[in-house]
Amino acid sequence: ATGLSITAAAQPGGVHRSTVHRWTRDHPTFACALLSARQHRAEKLLDKLADLHQLALDTFRQILSDQKIPASVRLKAAMEIVKLVQSQRPTQLAQIKSQLRVDGFFNDLALVEVANAAAELPAPSKSTRTPVRNAPCPCGSRLKYKRCCGNPVARAA
């Protein structure tokens, strides 16, 4: 949650990084606590950045209004402002997501539950996969797959 890598964060706790990954994957309580701590850290960082936004806007205003600054620099500053404004406009998908979002914490908890449920699903059956060329053919002919259904000439016949 402090921004360190998982390896660096696991060392002071006396655990291996794979243990932390396993906790994140298998223990919803730990995963939710870690997510909450990361969100708290991100909010603090955004607060610090918000304090600097007025200074940044004043700098852009000064660059754009000062005729002594070369036109190419002013043009680049104007283009960056246009890019920032366009990137802040919500897309249709983002608007839909914001309408559907009830609470980020519960959404992330649901994602953990979906991931756990997906891990419990059975593996796809062998009949849906293409057999290895030297394996027996699944059609029951007792031939190798490469001599039976895996051979385009034999299949056409």
Worksheet item: Do the non-hydrogen side-chain atoms of Val15 and Trp23 ever get within less than 4.5 Å of each other?
Response: yes
Worksheet item: Going from CG on Leu64 to CZ on Arg74, what distance comes out if it is rounded to the nearest 0.5 angstrom?
Response: 8.0 Å
Item to complete: Starting at OG1 of Thr7, measure out to NE2 of His21 and round the result to the nearest 0.5 Å.
Response: 6.5 Å
Quiz: residues 54-61 side-chain donor-acceptor pairs under 3.5 angstrom, not counting sequence neighbours:
unit_1	atom_1	unit_2	atom_2	d
Gln54	NE2	Asp58	OD1	3.2
Asp58	OD1	Arg61	NH1	3.1
Thr59	OG1	Leu55	O	2.9

Worksheet, complete the sentence: Here the pair of heavy atoms bringing Pro12 nearest to Ala9 is CD-O, 3.4 Å
Worksheet item: How long is the span from the CZ atom in Arg147 to the CG atom in Asn134, to the nearest 0.5 Å?
Response: 9.0 Å
Worksheet entry | Approximate separation, where rounding is to 0.5 Å, of Gln39 CD and Leu34 CG | 10.0 Å
Worksheet item: Val20 and Phe30: which non-hydrogen atoms are nearest, and at how many Å?
Response: O-CE2, 4.0 Å
Worksheet entry | Ser18 side, atom OG; Arg25 side, atom CZ - distance, nearest 0.5 Å | 9.0 Å
Discussion item. So, taking the atom named CG in Asp51 and the one named NZ in Lys48, what distance separates them when rounded to the nearest 0.5 Å?
Written reply: 9.5 Å
Worksheet item: In terms of hydrophobic clustering (I, L, V, M, F, W, Y; side-chain heavy atoms under 4.5 Å; direct or indirect links), are Ile69 and Leu75 co-clustered?
Response: no
